[in-house]
Number of protein chains: 2
Amino acid sequence: MNELGELTNQLSVFRAKEGYSQAEVAKRIGVSRQTIISLEKNKYSPSLKLAFELAYLFDTGIEDIFQYNLKGED
Amino acid sequence: MNELGELTNQLSVFRAKEGYSQAEVAKRIGVSRQTIISLEKNKYSPSLKLAFELAYLFDTGIEDIFQYNLKGED
DNA sequence: TTAATATGTAATATATTTTTGACATAATGT
DNA sequence: ACATTATGTCAAAAATATATTACATATTAA
């Protein structure tokens with residue numbers, strides 16, 4: 001796949017805002033804690049479904065949590 | 001993972017709007033044609049990166065192309 | 001000091017997405 | 001009739017996401 005951009009996320013910010021631990025988010029979404037840790041740290045690309053679940057949990061839009069920063073743009 | 005909703009998409013609509021064939025979209029995004037066909041037909045959950053690439057190609061937002069329809073809601 | 005909670009690492013296993021290649025059909029144009 | 005283009009199916013392999021388990025460290029509270 002083309003790699004036009006770099007994926008980043010504000011998960012930890014939303015998490016802190018709600019006072020959720022990683023474990024709590026994992027439990028609510030129904031994924032493992034590792035998945036949340038990896039997302040926050042390694043910034044890998046989750047499934048779109050997981051992204052939607054997170055957006056739903058934090059009552060916001062996918063693009064508020066995840067950003068696709070195009071390379072060579074400022 | 002929780003399955004709070006069902007993933008659907010409007011890919012074929014955006015594709016038609018731009019007059020792109022599935023092969024052309026695949027080529028532009030840098031994925032296989034199968035990936036586009038499967039997305040349109042089987043409605044599996046793509047990676048968030050792929051969703052962003054498609055949104056970027058069609059110059060729109062992820063949530064304009066993909067919908068997460070919560071079960072038990074109308 | 002001990003227990004509990006939160007975050008992190010690492011290795012391996014499983015599930016899902018994506019690729020590849022081969023072939024089928026319908027529609028369009030020459 | 002033949003070539004070309006678009007869409008589709010199928011099966012197997014490769015790549016990536018996610019789960020699982022075990023352990024490590026730091027922080028806070030009893």
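All chains are named by letter (A, B, ...) in the order of the sequence lines, taking the proteins before the strands, and each is independently numbered beginning at 1.
- Rounded to whole Å, atom P of C:dT16 lies 19 Å from atom NZ of B:Lys43.
- Dashed line: the shortest gap from a side-chain N or O of B:Ser45 to OP1 or OP2 of C:dT16 is not under 4.0 Å.
- One can place CE of B:Met1 at 12 Å from C1' of C:dT17, the figure rounded to the nearest angstrom.
- Residues A:Phe58 and A:Leu11 form a side-chain contact, since some pair of their non-hydrogen atoms from C-beta on lies under 4.5 Å apart.
- Within residues 15-42 of chain B, the residues having any heavy atom closer than 4.0 Å to DNA chain C are, in order of number, B:Gly30, B:Val31, B:Ser32, B:Gln34, B:Thr35.
- As rounded to whole Å, 12 Å separates atom C1' of D:dT16 from atom CD of A:Glu3.
- Side-chain contact between B:Leu48 and A:Ile62 is present, with at least one heavy-atom pair separated by less than 4.5 Å.
- For A:Glu6, the CD atom sits in a loose shell: 12 or fewer heavy atoms of surrounding residues, nucleotides or ligands are nearer than 6.0 Å.
- Contact check on B:Arg28 versus B:Glu24 returns a salt bridge, with a Lys/Arg side-chain nitrogen under 4.0 Å from an Asp/Glu carboxylate oxygen.
- Atom P of nucleotide D:dA15 and atom NZ of B:Lys49 are separated by 16 Å, given to the nearest angstrom.
- Protein atom OH of A:Tyr44 is 12 Å distant from nucleotide atom C1' of C:dT16, rounded to whole Å.
- In this structure, A:Leu11 places its CG atom 12 Å from P of C:dG8, rounding to the nearest Å.
- Rounded to an integer number of Å, the gap from A:Leu7 CG to D:dT16 P is 15 Å.
- Taking 4.5 Å as the limit, every side-chain heavy atom of A:Ile29 sits out of range of all side-chain heavy atoms of A:Thr35.
- Ring geometry, A:Tyr68 versus B:Phe52: the interplanar angle falls under 30°, so the pair is classed parallel (tilted spans 30 to 60°).
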